[in-house]
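Below you'll find the structure, written out as structure tokens, and then a few comments.
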Amino acid sequence: MRQSSGRQRGSTGMATTRAVSRSLLVAIATAVLMRRACCAVDAPAPAANQTRPPALFVFGDSIVDSGNNNAITTLIRCNFPPYGQDFPGHNATGRFSNGRVPSDILASRLGIKEYVPAYLGTELSDFDLLTGVSFASGGCGFDPLTAQLVLDLFEEYKGKLERVAGARRAGEIVATSLYMVVTGTDDLANTYFTTPFRRDYDLESYIEFVVRCASDFIKKLYGKGARRINIAGAPPIGCVPSQRTNAGGLDRDCVPLYNQASVVLNTALEKEIKRLNGSAELPGSVLKYIDLYTPLFDMIQRPGGYGFDVINRGCCGTGVFEVTLMCNRYTAHACRDPSKFLFWDTYHLTERGYELLMQQIINRYGLS
């Protein structure tokens, strides 16, 4: 692992470095949030003549994992009740929610299909292969410590698609489909803030590292044929129930430093996406940054405006620590009305939360 000289934290001056980093993060985050608040209403309306993509391909973490983790050895899984209690058939498919996840909602709104199946552990029909699958995996991030070999799986998928559709049609599907990348949350919330694995970086250096990893991933995905790629930024991770519990004090408040880190990461990521979009390095690419932070933060700040009663706890169990294996039907019963909760567990939104979030995103950015 390469790091810039002088950027790695040493044993001395640590407190000073942290103080400077926090001050800089606060200043940058405040400026960015003020700019976004002023400009959000001026976002362009979706074009009326947008062409529906033939397929939707999904890469990312547990926010859009539709069951890939069922087929791999990991503790980050949810293929058991009460997960999926509001999914058709009350089926716990491996989606980290009580129902549909953002990729399902987008595919439905695009008119492609109602649900995006997981690539792994699923009997995929020809229709599934032709209209897109999810390669997302809970716990995955841009950081190589958490990344899965998803690009190798995508290459394997392309071979299956070619056998079904023929080489020419398969190439057209790969080149004209929409690619959804939703990851990076785990990099900050877990890899950096919760575990010791990246504490040899100061926060600013780690954010720069993650953006480089994101840029590299986009280039590799482009190299495998993708052209229309939407990349989501990080949400306000300091207000996620798990982080409120971990670092929000006795009152479980939002954690300002964590939110500020999300803002700074998003600013750098958006800048890099704009640099790469349609560039000589990636000719013909159509890259779009998707802001998750602003609409989700508004839902947290104004829950009544969206019909939510609870935004600081999950619906599962006590709502302060239950996620994945801890959210189960034996020790953590679900709340009576998930539609009144923004979060399903301490990390993921309810289906209704995702629906309202995706509606705001589609209103702002369009469907492709």
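Residue numbers count from 1 along this sequence.
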Can you measure from [atom1] ([X]) to [atom2] ([Y]) and round to the nearest 0.5 angstrom?
{"X": "Glu208", "Y": "Cys213", "atom1": "CD", "atom2": "SG", "answer": "12.0 Å"}
{"X": "Phe135", "Y": "Asp152", "atom1": "CZ", "atom2": "CG", "answer": "11.0 Å"}
{"X": "Leu188", "Y": "Thr194", "atom1": "CG", "atom2": "OG1", "answer": "10.0 Å"}
{"X": "Leu124", "Y": "Leu130", "atom1": "CG", "atom2": "CG", "answer": "11.0 Å"}
{"X": "Ser137", "Y": "Asp61", "atom1": "OG", "atom2": "CG", "answer": "9.0 Å"}
{"X": "Asp86", "Y": "Thr350", "atom1": "CG", "atom2": "OG1", "answer": "9.0 Å"}

Contact summary for [X] and [Y], nearest pair of heavy atoms:
{"X": "Val255", "Y": "Gln243", "result": "CG2-O, 3.6 Å"}
{"X": "Leu296", "Y": "Leu357", "result": "N-CD1, 4.0 Å"}
{"X": "Leu269", "Y": "Tyr289", "result": "CD2-CE1, 4.2 Å"}
{"X": "Thr176", "Y": "Pro54", "result": "OG1-CG, 3.4 Å"}
{"X": "Ala334", "Y": "Trp344", "result": "CB-CH2, 3.7 Å"}
{"X": "Val320", "Y": "Thr245", "result": "O-OG1, 2.6 Å"}

Side chains of [X] and [Y] in contact at under 4.5 Å (non-hydrogen atoms):
{"X": "Asn79", "Y": "Thr93", "answer": "no"}
{"X": "Leu276", "Y": "Ser285", "answer": "no"}
{"X": "Leu178", "Y": "Ile229", "answer": "no"}
{"X": "Phe142", "Y": "Val181", "answer": "yes"}
{"X": "Ser97", "Y": "Tyr354", "answer": "yes"}
{"X": "Ile63", "Y": "Thr185", "answer": "yes"}

Between [X] (side chain only) and [Y] (backbone N and O only), is there a donor and an acceptor less than 3.5 Å apart?
{"X": "Gln85", "Y": "Pro81", "value": "no"}
{"X": "Arg244", "Y": "Arg252", "value": "yes"}
{"X": "Arg313", "Y": "Phe341", "value": "no"}
{"X": "Ser279", "Y": "Leu282", "value": "yes"}
{"X": "Asn266", "Y": "Ala234", "value": "yes"}
{"X": "Arg95", "Y": "Gly84", "value": "no"}
{"X": "Arg228", "Y": "Val286", "value": "no"}
{"X": "Glu322", "Y": "Gly319", "value": "yes"}
{"X": "Asp251", "Y": "Asp253", "value": "no"}
{"X": "Asp128", "Y": "Ser125", "value": "yes"}

### Message
What I want to find out is whether Asp216 reaches Lys220 closely enough, with some N-O distance under 4.0 Å, to be called a salt bridge.
### Response
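Looking at Lys220 together with Asp216, the answer is yes, because their closest N to O distance falls below 4.0 Å.
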### Query
So, Lys113 and Asp104, do they make that salt bridge, N to O below 4.0 Å?
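No, no charged N to carboxylate O under 4.0 Å.
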### Task
Please report the C-alpha distance between Asp291 and Tyr365 in whole Å, then the side-chain angles of each, then the deciding distance to 0.1 Å, and finally whether the side-chain hydrogen bond (donor to acceptor under 3.5 Å, both in side chains) criterion is met.
CA-CA 9 Å; Asp291 174 20; Tyr365 297 101; 4.8 Å; no
### Message
Taking the cut-offs as 6.0 angstrom to the six-membered ring centre and 45 degrees off its axis, would you call Arg352 and Phe308 a cation-pi pair?
### Response
yes
### Message
Cation-pi check for Tyr222 against Arg227: NZ or CZ below 6.0 Å from the six-membered ring centre and within 45 degrees of the axis, yes or no?
### Response
yes
Return yes if a side-chain donor-acceptor contact under 3.5 Å exists between [X] and [Y], otherwise no.
{"X": "Asp186", "Y": "Tyr347", "result": "yes"}
{"X": "Ser339", "Y": "Asp337", "result": "yes"}
{"X": "Ser262", "Y": "Asn259", "result": "no"}

### Task
Report the relative orientation of the aromatic rings in Phe59 and Tyr179; use parallel for angles under 30°, tilted for 30 to 60°, perpendicular for over 60°.
parallel
### Plane angle bin for Tyr206 and Tyr192 - parallel if under 30°, tilted between 30 and 60°, otherwise perpendicular
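Parallel.
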Which donor-acceptor pairs under 3.5 Å do the side chains of residues 162-169 make with protein atoms, sequence neighbours left out?
from, atom 1, to, atom 2, distance (Å)
Arg169, NH1, Glu172, OE1, 3.2

### Task
Kindly indicate, with the supporting measurements, whether the criterion salt bridge (charged side-chain N to carboxylate O under 4.0 Å, His left out) is fulfilled by Asp187 and Arg198.
CA-CA 10 Å; Asp187 293 324; Arg198 290 301 190 188; over 6 Å; no
For residues [X] and [Y]: do they belong to one hydrophobic cluster (side chain heavy atoms under 4.5 Å, members Ile, Leu, Val, Met, Phe, Trp, Tyr)?
{"X": "Tyr306", "Y": "Ile105", "value": "yes"}
{"X": "Ile76", "Y": "Leu120", "value": "no"}
{"X": "Leu106", "Y": "Leu356", "value": "yes"}
{"X": "Val182", "Y": "Ile112", "value": "yes"}
{"X": "Phe321", "Y": "Val323", "value": "no"}

Are [Y] and [X] an aromatic pair, judged by ring center distance below 6.0 Å?
{"X": "Tyr119", "Y": "Phe154", "value": "no"}
{"X": "Tyr157", "Y": "Phe57", "value": "yes"}
{"X": "Tyr258", "Y": "Phe193", "value": "yes"}
{"X": "Phe87", "Y": "Tyr115", "value": "yes"}

#### Entry: Under-2.5 Å SG separation for cysteines Cys316, Cys335
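Looking at Cys335 and Cys316, their sulfur gamma atoms do not lie closer than 2.5 Å, so the answer is no.
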### Message
Regarding Cys239 and Cys254, I want to know if their SG-SG distance comes in below 2.5 Å, which is how I'm defining a disulfide.
### Response
yes
### Task
Quick one: do Asp65 and Ser62 satisfy side-chain hydrogen bond (donor to acceptor under 3.5 Å, both in side chains)? Show the steps, please.
CA-CA 5 Å; Asp65 184 352; Ser62 57; over 6 Å; no
#### Entry: Worked check of salt bridge (charged side-chain N to carboxylate O under 4.0 Å, His left out) between Glu272 and Arg212
CA-CA 9 Å; Glu272 178 64 7; Arg212 289 197 301 271; over 6 Å; no
### Message
With a 6.0 Å cut-off (strictly less than), is the heavy-atom count around NZ of Lys271, excluding the residue itself, greater than 12?
### Response
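It does not: Lys271 NZ has 12 such atoms or fewer within range.
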